[in-house]
Amino acid sequence: MENKSLIAKKMTLVMDEIGSIAKTQRNPQGWMFRGIDDVYNALHQAMKKHGVFCLPNVRGIVFREKIKNAKGTEGWHQILDISYKFLAEDGSFVECNTWGESWDFASDKITNKCMSAAHKYALLQTFVIPVQEMEDPDKRSEEHTSEL
């Protein structure tokens, strides 16, 4: 195998080992979601086993503005342009570019929140991780009777 395709092979091996990640968490508005820790827990061992690692690069701030919530608390709304490089030990890599968006009213974690959101979706989309397991078509079989 050529070195330039080693990362593609390794990422396919990672994909073979991970399953779905269900939306088991609920936000205050009642929406179900998959958290960044859920994604890390699902991917970490497979990425470690197959020697795939990921490096972030914040390419810039796309948007940033000071905001206030309904109670008058000030915070930030921010969008970052981030590139994630997935590498193998030979230096071969694939790159995923995404944006991370978030709001923060404590005003001290806005960049971390943007990076977590971007990384979560970069991982979900790069490794094509479903929300629920696909049923194996061989799991069920129909009883057939035929009259000849």
Side-chain angles (χ1 to χ4, degrees), residues 1-67 69 73-144:
M1 172 172 281
E2 294 179 30
N3 281 348
K4 66 182 181 180
S5 62
L6 184 60
I7 188 60
K9 179 179 180 180
K10 288 180 169 282
M11 289 179 75
T12 302
L13 293 170
V14 170
M15 289 174 75
D16 285 343
E17 289 200 25
I18 56 176
S20 65
I21 304 173
K23 293 181 177 183
T24 59
Q25 297 189 47
R26 187 178 302 275
N27 73 9
Q29 292 78 29
W31 294 96
M32 299 298 290
F33 71 97
R34 299 179 278 191
I36 185 66
D37 291 336
D38 299 327
V39 176
Y40 287 159
N41 289 336
L43 282 165
H44 178 76
Q45 287 301 320
M47 289 179 72
K48 180 179 170 183
K49 176 180 176 181
H50 296 293
V52 175
F53 61 101
C54 182
L55 296 174
N57 176 29
V58 177
R59 299 179 339 162
I61 297 172
V62 174
F63 175 81
R64 186 174 191 181
E65 77 173 344
K66 198 150 189 107
I67 57 173
N69 66 15
T73 305
E74 292 187 347
W76 291 98
H77 173 206
Q78 179 173 277
I79 302 171
L80 297 180
D81 178 5
I82 305 174
S83 174
Y84 292 94
K85 192 179 280 189
F86 296 87
L87 299 104
E89 68 268 11
D90 69 339
S92 62
F93 67 91
V94 295
E95 199 163 356
C96 172
N97 299 315
T98 189
W99 286 3
E101 179 176 16
S102 193
W103 294 262
D104 182 46
F105 292 98
S107 297
D108 63 341
K109 294 177 183 65
I110 188 65
T111 298
N112 296 352
K113 288 180 175 183
C114 288
M115 291 185 71
S116 291
H119 199 204
K120 177 173 77 170
Y121 286 102
L123 292 167
L124 290 170
Q125 292 175 350
T126 299
F127 290 101
V128 194
I129 301 171
V131 175
Q132 64 186 136
E133 291 290 339
M134 305 296 265
E135 186 172 336
D136 188 321
D138 291 331
K139 184 176 178 180
R140 298 179 193 198
S141 63
E142 299 292 325
E143 297 263 343
H144 294 283

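Position 1 is the first residue of the sequence; numbering continues from there.
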Enquirer: Find the distance between CD1 (Ile110) and CH2 (Trp76) and round it off to the nearest 0.5 Å.
Expert: 9.5 Å
Enquirer: Output every pair passing salt bridge (Lys or Arg N to Asp or Glu O under 4.0 Å) with a member in residues 22-39, not counting sequence neighbours, ordered by first then second residue.
Expert: none
Enquirer: Once the angle between the rings of His119 and Tyr84 is folded into 0 to 90°, is it parallel (under 30°), tilted (30 to 60°) or perpendicular (over 60°)?
Expert: parallel
Enquirer: Is it the case that more than 12 heavy atoms not belonging to Tyr121 sit under 6.0 Å from its OH atom?
Expert: no
Enquirer: Hey, does Met11 have a side-chain heavy atom less than 4.5 Å from the side chain of Leu13?
Expert: no
Enquirer: For a quick check under 3.5 Å, do Gln78 and Ser102 share a side-chain donor-acceptor pair by atom type?
Expert: no
Enquirer: With sequence neighbours excluded, give me every salt bridge (Lys or Arg N to Asp or Glu O under 4.0 Å) pair touching residues 106-117.
Expert: Asp104-Lys113
Enquirer: What distance separates Thr98 OG1 from Ile82 CD1, expressed to the nearest 0.5 Å?
Expert: 7.5 Å
Enquirer: To check you understand the geometry: which heavy-atom pair defines the closest contact between Ser116 and Ile36, and what is its length?
Expert: O-CD1, 3.7 Å
Enquirer: Is any side-chain heavy atom of Lys10 closer than 4.5 Å to one of Val14?
Expert: no
Enquirer: Which of these, Ile21, Leu123, Val52, sits in a side chain to side chain contact (heavy atoms under 4.5 Å, CB included) with Leu43?
Expert: Leu123
Enquirer: Which heavy atom of Gly19 sits nearest to which heavy atom of Pro130, and what is that distance?
Expert: O-CD, 4.2 Å
Enquirer: My understanding is that only residues two or more places apart in sequence, or in another chain, count here; which of them pass ring-ring contact (aromatic ring centres under 6.0 Å, His included) with His44?
Expert: none
Enquirer: Would you call the rings of Phe127 and Phe86 parallel, tilted or perpendicular if under 30° counts as parallel and over 60° as perpendicular?
Expert: perpendicular
Enquirer: If you define the side chain from C-beta out and look only at heavy atoms, does anything of His50 sit under 4.5 Å from Glu17?
Expert: yes
Enquirer: Judged by atom type as modelled, is there a donor-acceptor pair below 3.5 Å linking the side chain of Ser92 to the main-chain atoms of Ile7?
Expert: yes
Enquirer: Walk me through it: do Met47 and Phe53 pass the test side chain to side chain contact (heavy atoms under 4.5 Å, CB included)?
Expert: CA-CA 7 Å; Met47 289 179 72; Phe53 61 101; 5.7 Å; no
Enquirer: To the nearest 0.5 Å, tell me how far Lys85 NZ sits from Cys54 SG.
Expert: 10.5 Å
Enquirer: Contact between Leu80 and Met115 at the side-chain level, heavy atoms closer than 4.5 Å - yes or no?
Expert: yes
Enquirer: Identify the two heavy atoms, one from Ile67 and one from Phe105, that lie closest to each other, and give their separation to 0.1 Å.
Expert: CD1-CZ, 3.6 Å
Enquirer: Decide side chain to side chain contact (heavy atoms under 4.5 Å, CB included) for Glu74 and Lys66; before the verdict, give the C-alpha distance in whole Å, the side-chain angles of both, and the deciding distance to 0.1 Å.
Expert: CA-CA 7 Å; Glu74 292 187 347; Lys66 198 150 189 107; 3.1 Å; yes
Enquirer: With the side chain counted from C-beta on, respond yes when Phe93 and Glu95 share a heavy-atom pair under 4.5 Å apart, and no when they do not.
Expert: yes
Enquirer: Under a 3.5 Å cutoff, is there a donor and acceptor pairing between the side chains of Asn57 and Ser83?
Expert: no
Enquirer: Give a yes or no on whether the backbone of Asn69 and the side-chain of Thr73 come within a donor-acceptor separation of less than 3.5 Å.
Expert: no
